[in-house]
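Below you'll find the structure, written out as structure tokens, and then a few comments.
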Amino acid sequence: MVFMTTATVPLPSHGSAPAWARRAAHAIALCALPSGLWRIAMASGVHVGYSDRVLREVFHIPGWGVAYTVGLSVLAELAALLPLLLVSDRWRPLRPRTLAALAWTASAVLVLVALWQLVVAFTVESQTYLSSGAAQTVWALAFAPLLAVPALMTAVTWSYARRHRARGWA
């Protein structure tokens, strides 16, 4: 039997992440999920709008493209879980200043990648691979949530840096 004493009761943290930042960090992980599931479906042979020839010649599925596609999905989801470190009060693998610098760098990279993906998504070449309008719609619905990630990551990073600057740690 465990008794709670004043020594074992967790103290309230005045510098904990605001609720909106916690929700935004969790939303980042959820934004990566549809595109990851779409990629895994493609790698497992579910028809996602690409012809068998395109899958073989462009994506190398079946073949090493399966490992690449599934690995990319896993890596993307793991990366999408990292913002949870910025709102966690329990686990801090890095010093706050180092984590803040990494988070700002990640935010900047995400903005650049999102802009690049918009350019790629609207080029003629990228649209010729998908076989129909329905496939393009499903693809767009699966990948559209990723466009929210840069803004969400920037907001979570700003919140983290602000909290730790107020504490004098950053």
Side-chain angles (χ1 to χ4, degrees), residues 1-43 48 67-123 125-127 130 136-170:
M1 188 145 86
V2 177
F3 293 99
M4 295 293 271
T5 65
T6 55
T8 59
V9 173
L11 297 173
S13 174
H14 296 290
S16 63
W20 67 263
R22 290 182 186 280
R23 285 192 296 271
H26 285 86
I28 292 170
L30 292 175
C31 284
L33 196 58
S35 61
L37 293 174
W38 185 89
R39 280 191 217 101
I40 290 171
M42 182 177 81
V48 293
Y68 171 77
T69 305
V70 172
L72 180 63
S73 296
V74 170
L75 185 65
E77 194 59 42
L78 287 174
L81 292 173
L82 288 178
L84 294 175
L85 290 175
L86 300 176
V87 297
S88 173
D89 293 329
R90 296 181 184 166
W91 192 60
R92 293 196 179 100
L94 300 171
R95 292 185 343 211
R97 182 178 301 176
T98 305
L99 190 56
L102 287 173
W104 280 120
T105 303
S107 293
V109 167
L110 285 169
V111 168
L112 292 174
V113 168
L115 291 173
W116 177 250
Q117 288 302 312
L118 283 174
V119 169
V120 170
F122 293 109
T123 61
E125 182 180 345
S126 67
Q127 292 186 9
L130 289 171
Q136 290 175 350
T137 302
V138 170
W139 178 86
L141 290 173
F143 283 85
L146 292 178
L147 294 175
V149 170
L152 292 169
M153 181 67 183
T154 302
V156 171
T157 302
W158 176 80
S159 172
Y160 178 83
R162 188 172 140 221
R163 283 191 329 273
H164 289 285
R165 194 176 315 121
R167 290 181 188 171
W169 290 356

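These values consider heavy atoms only, across backbone and side chains, with no hydrogens, waters or symmetry-generated copies.
Contact annotation: the side chain of V87 approaches that of V156 to within less than 4.5 Å [non-hydrogen atoms, C-beta and beyond].
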All N/O donor-acceptor pairs, side-chain side in residues 24-38, below 3.5 Å, sequence neighbours left out:
from, atom 1, to, atom 2, distance (Å)
H26, ND1, R22, O, 2.7
S35, OG, A32, O, 3.1

Enumerate, atom names and distances included, each donor-acceptor pair closer than 3.5 Å involving a side-chain atom of residues 107-114, sequence neighbours excluded.
from, atom 1, to, atom 2, distance (Å)
S107, OG, A103, O, 3.1
S107, OG, T157, OG1, 3.3

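Of all non-hydrogen atoms in P150 and L146, the two that sit nearest each other are CD-O, 3.4 Å. The nearest pair of heavy atoms linking W104 to T154 is CZ3-CG2, 4.1 Å.
Applying the side-chain contact (heavy atoms from CB on, under 4.5 Å) rule to A106 yields the partners M153; only residues at least two apart in sequence or on another chain are considered. The side-chain contact (heavy atoms from CB on, under 4.5 Å) test applied to A151 returns no partner, not counting sequence neighbours. For S159, the side-chain contact (heavy atoms from CB on, under 4.5 Å) test picks out P18, W20, A21, R163, with sequence neighbours left out.
Heavy atoms of other residues, nucleotides or ligands lying less than 6.0 angstrom from CZ of F143 number more than 12.
Interatomic distance, CG of L152 versus CG of L147, reported as 11.0 Å (0.5 Å rounding).
Contacts classified as salt bridge (Lys or Arg N to Asp or Glu O under 4.0 Å) and involving residues 138-159 (residues at least two apart or in different chains) are not found.
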